[in-house]
Amino acid sequence: MTSTDPSAWPAHRARFLFLRRDVRGADAPLASATKDGVSLRSDLDFSVWNPDSNVSSYKLVEPDDFVIGLRSFQHGISHSTVRGLVSPAYHVLRATSEVEPRFYKYYFRSNLLISQLANITQGIRQGQAIDMEAFQNLRLPLPPLTEQRRIANFLDSETGRIDTVSQRFRRLADLAQERVRAVIDIAFTKYEVEYRVPVSTVCRAIVDCVNKTAPVSAETTPYKMIRTSNIRNGEVDLTDTFSVEKDVFTEWNRRGAPRLGDILFTREAPLGQVGMLRSQERVFLGQRIMLYRANELRIRKELLLFNFLGSHMNRQLRLLGAGSLHEHMRVGDGLKLQVYCPPPDQQDALVSQIQEGRDASIRLSDLAQKQLTLLTERRQALITAAVTGQLDASTASGRNVTEGVSA
């Protein structure tokens, strides 16, 4: 057997390959461990809640350190390319001289390692965390340094190729989503301001749920609570809802039970998500969801939905001062919103025009998303195969890493 044969790779406990670091009180910017690695918070395109302005207890992380974060059991251990301060709830690791950090950057994101981390988590749901003692006792492969570098170089090159193609499909998906909204905006441009009316004048009912979260049933029942996370991009997806008991369902639905065709609107961050209820399942509104029931003598329910999906609705929300990521819209503001209400004899044609354009754009977006999923799976499989020795990095060719994907 040669030294490159994976069966000849020795295995060592993680504690002897990665030393825990606990440097506090350093002067550095805040950082976070994400699914893409450790990044400075100022570089993230989303907000990270910091409960305390005093960061003296935060831990220093430096380039080529590794961070075990709160979501590591899902996406693996994060490699750092930055110098920053991370939450004291995180664990910071420094590689020993026997280790090529770039090799373990990939190993720690492999399916093999993620499955091992899933077995050493403690707690439930958001409270899950990696058991550090169990992690330190994990036996990790230690190929020769030359082999570690060869595999890392191979994966740098091949994942870079995949990432380039993924970026193109991600841009295509973004453009398709922009076109979805543009179809609506273009359709409404031919109507003057006199066709804009308060939403309350075209609805039979407007209902808001101001209750706190209902008690969840330990068993699956036919009675479901719609949460804000179920409402996205014009649809209400009921595949991930909470079950409640019948008496809870009956009590909470006294304020106004959702019906088939109702428009549901989230008034908490991310603000302004909207969808039409297309199911006759027995459901009720969760917290901070507003229900708009179209008066179809005035406006078709589909047209009411398209109004909420248009750019003119986003502009109104910003003018109402409800654009902050962590803010929620007041119920009264939900009554002030204005919608376009064209003459009834023009509404059927307008709905058909918008629907046809949206369907074409959504199909394109779905195609791009499917290709992104395929590329993500292929990238992950390539990493796992390379770091476990199933694929010989010294002879492998990257010509086919994107085979089956239409660039």
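Quick caveat: nothing in here was measured; it's all calculated off a predicted structure. What's counted below: heavy atoms across the whole structure, side chains too, no hydrogens, waters or symmetry copies.
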I'd like to know if [X] pairs up with [Y] as an ion pair, taking the criterion as any Lys NZ or Arg NE/NH1/NH2 lying under 4.0 Å from an Asp or Glu carboxylate oxygen.
X: Glu62; Y: Arg94; value: yes
X: Arg232; Y: Asp237; value: no
X: Lys105; Y: Glu100; value: no
X: Arg288; Y: Asp208; value: no
X: Glu281; Y: Lys224; value: no
X: Arg330; Y: Asp333; value: yes

Determine yes or no for a side-chain-to-main-chain donor-acceptor pair under 3.5 angstrom, with [X] supplying the side chain and [Y] the backbone.
X: Ser365; Y: Ile362; value: no
X: Ser80; Y: Val38; value: no
X: Asn153; Y: Arg149; value: yes
X: Gln316; Y: Gln338; value: yes
X: Asp22; Y: Lys59; value: no
X: Arg109; Y: His75; value: yes
X: Thr189; Y: Ile186; value: yes
X: Glu98; Y: Leu142; value: no
X: Arg13; Y: Asn137; value: yes
X: Thr81; Y: Pro63; value: no

All N/O donor-acceptor pairs, side-chain side in residues 82-91, below 3.5 Å, sequence neighbours left out:
from, atom 1, to, atom 2, distance (Å)
Arg83, NH1, Asp27, O, 3.0
Ser87, OG, Ala89, N, 3.0
His91, ND1, Arg20, NH2, 3.2

If you define the side chain from C-beta out and look only at heavy atoms, does anything of [X] sit under 4.5 Å from [Y]?
X: Val283; Y: Met225; value: no
X: Ile206; Y: Val199; value: yes
X: Cys203; Y: Asn295; value: no
X: Val274; Y: Leu264; value: no

- Considering residues, nucleotides and ligands other than Gln167, do more than 12 of their heavy atoms fall under 6.0 Å from its CD? no
- Atom CZ of Arg24 with >12 non-hydrogen neighbours under 6.0 angstrom: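 Atom CZ in Arg24 is packed in, count exceeds 12.
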- So, do Tyr104 and Phe66 have ring centers that fall under 6.0 Å from each other?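 Between Tyr104 and Phe66, the centre distance exceeds or equals 6.0 Å.
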- Is it true that Phe188 and His312 have ring centroids separated by less than 6.0 Å? yes
- Please walk me through it: do Arg358 and Glu302 pass salt bridge (Lys or Arg N to Asp or Glu O under 4.0 Å)? CA-CA 12 Å; Arg358 288 189 78 241; Glu302 295 87 357; over 6 Å; no
Output the distance between atom [atom1] ([X]) and atom [atom2] ([Y]), rounded to the nearest 0.5 Å.
X: Gln369; Y: Phe169; atom1: CD; atom2: CZ; result: 11.0 Å
X: Leu303; Y: Ile354; atom1: CG; atom2: CD1; result: 6.0 Å
X: Tyr340; Y: Ile299; atom1: OH; atom2: CD1; result: 12.0 Å
X: Asn230; Y: Phe242; atom1: CG; atom2: CZ; result: 9.0 Å
X: Met313; Y: Ile184; atom1: CE; atom2: CD1; result: 10.5 Å
X: Arg161; Y: Leu382; atom1: CZ; atom2: CG; result: 10.5 Å

- Query: Applying ring-ring contact (aromatic ring centres under 6.0 Å, His included), which residue pairs with at least one partner in residues 272-293 are found, sequence neighbours left out?
  - Reply: Trp252-Phe284, Tyr292-Phe308
- Heavy-atom closest contact (Ser32 atom, Arg41 atom, distance): OG-NE, 3.1 Å
- Heavy-atom closest pair, residues Pro258 and Leu285: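 Where Pro258 meets Leu285 most closely, the heavy atoms are CG-CD2, 3.8 Å.
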- Query: Does one side chain, of Gln390 or Thr388, offer a donor that lies under 3.5 Å from an acceptor on the other?
  - Reply: yes
- Task: Would you sort out whether Met132 and Ile68 count as a side chain to side chain contact (heavy atoms under 4.5 Å, CB included), showing the intermediate values?
- Result: CA-CA 9 Å; Met132 273 304 296; Ile68 298 181; 3.5 Å; yes
- Query: Between Arg379 and Ser166, is a side chain to side chain donor-acceptor pair (under 3.5 Å) present by the stated rule, with each step listed?
  - Reply: CA-CA 10 Å; Arg379 185 183 197 276; Ser166 295; over 6 Å; no
- Item | Partner set under salt bridge (Lys or Arg N to Asp or Glu O under 4.0 Å) for Asp36, not counting sequence neighbours | none
